[in-house]
Amino acid sequence: MGYIFDPDILHDVAKRAVDEGGSLRDKVSRIRTELSVLYPDHIRHEDEWVFNIAGGALGQMTILHASLTEYILVFGSPIGTQGYSGRFFAEDYFVVLEGEHWTFAAGDVDRRVYRPGERTVLSRGEAKAYRMPDRCYGLEYARGFIPSMLPFGLADSFSSTLDPIPVWNTMRIYTRAVVGELLRGKI
């Protein structure tokens, strides 16, 4: 399956944003701008932040790209969170922009700690626990069959928070982005 985005290029773009510093919004703006040059017509410019609760972790996200086979978003929390990654038919890359991202897999007796500019990878079929002990945001890129990830990403809104607004906003933004990619014929 062909993909538009290269995880190593995304990592480099995120590291440059970290190195240049500034506020989170500055970093996200620089990432959007650089990705728009590298991948014309594939990056959303709307800065719409949506609550996301999945696997017990509550954070917020802004979607930079979404299609049936890939997404790029910034996810995190200004106050920290922790939860379960989920297990998917997709690879998931997370580059820390601010804070620390801790992970462990079943059988690990020590945590792995990722700091700004560092990347963690969740391979297809793998699952981890993660924690953002305080303010933490990262650039997240997933590739694979993205619709299979949606139930996990939305289930807690139906079973825990009972808040339809994040579900509506997530699906509105995701659907609009996917339809845009389909209309351009570039998926």
Side-chain angles (χ1 to χ4, degrees), residues 3 5-21 23-25 27-28 30-31 35 49-66 69-161 166 170 174:
Y3 296 108
F5 300 96
D6 181 320
D8 293 329
I9 290 174
L10 296 174
H11 187 191
D12 290 341
V13 169
K15 284 193 300 187
R16 277 193 290 280
V18 168
D19 291 343
E20 291 176 20
S23 71
L24 176 69
R25 290 193 190 277
K27 292 172 188 150
V28 173
R30 281 195 298 273
I31 289 168
L35 291 180
W49 288 87
V50 178
F51 274 132
N52 178 261
I53 183 166
L58 173 62
Q60 61 181 337
M61 65 181 177
T62 185
I63 298 172
L64 281 65
H65 171 87
T69 58
E70 296 172 286
Y71 72 70
I72 301 172
L73 54 84
V74 174
F75 173 81
S77 167
I79 60 172
T81 192
Q82 66 184 26
Y84 179 68
S85 68
R87 193 180 304 273
F88 306 108
F89 298 110
E91 298 168 327
D92 192 283
Y93 303 81
F94 190 83
V95 182
V96 179
L97 298 173
E98 296 184 351
E100 289 186 352
H101 187 245
W102 301 353
T103 69
F104 77 92
D108 290 348
V109 294
D110 294 309
R111 67 180 178 224
R112 302 262 334 238
V113 177
Y114 299 88
R115 294 181 175 83
E118 296 177 342
R119 175 175 71 181
T120 181
V121 179
L122 184 68
S123 299
R124 291 174 199 268
E126 186 178 70
K128 293 181 182 177
Y130 73 93
R131 182 173 182 197
M132 299 169 164
D134 198 355
R135 177 185 180 87
C136 180
Y137 286 91
L139 182 70
E140 182 174 347
Y141 168 61
R143 58 174 14 176
F145 185 57
I146 302 306
S148 71
M149 300 174 82
L150 292 173
F152 176 82
L154 301 173
D156 282 0
S157 290
F158 292 110
S159 64
S160 173
T161 65
T170 299
Y174 177 73

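- Judged by distance alone, the side chain of R131 and the main-chain N or O of G80 form no donor-acceptor pair under 3.5 Å.
- In terms of heavy-atom proximity, M149 sits nearest to A90 at SD-CB, 3.8 Å.
- One N or O on the side chain of N52 and one on the backbone of G153 form a donor-acceptor pair closer than 3.5 Å.
- Contact record, E100 with P133: O-CD, 3.3 Å, taken as the closest heavy-atom pair.
- When the options R143, H65, E140 are evaluated for a side chain to side chain donor-acceptor pair (under 3.5 Å) with Y71, the one that passes is E140.
- Between the side chains of D6 and Y141, no donor-acceptor pair of N or O atoms lies under 3.5 Å.
- Taking all atoms of both residues into account, the shortest heavy-atom contact from A14 to L139 is CB-CD2, 3.9 Å.
- Nearest heavy atom pair, residue P116 against residue G99, reads CD-O, 3.2 Å.
- P166 approaches V50 most closely through the heavy-atom pair O-CG1, 3.8 Å.
- The closest donor-acceptor contact from the side chain of R124 to the backbone of E91 lies at 3.5 Å or more, if one exists at all.
- Scanning all heavy atoms of the two residues, the minimum distance from T120 to K128 falls at OG1-NZ, 3.7 Å.
- Aromatic ring pairs are classed by plane angle as parallel below 30°, tilted from 30° to 60° and perpendicular above 60°; the pair Y130 and H101 is tilted.
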- Message: L24 vs L97, test: side-chain contact (heavy atoms from CB on, under 4.5 Å). Steps then yes/no.
- Response: CA-CA 8 Å; L24 176 69; L97 298 173; 4.3 Å; yes
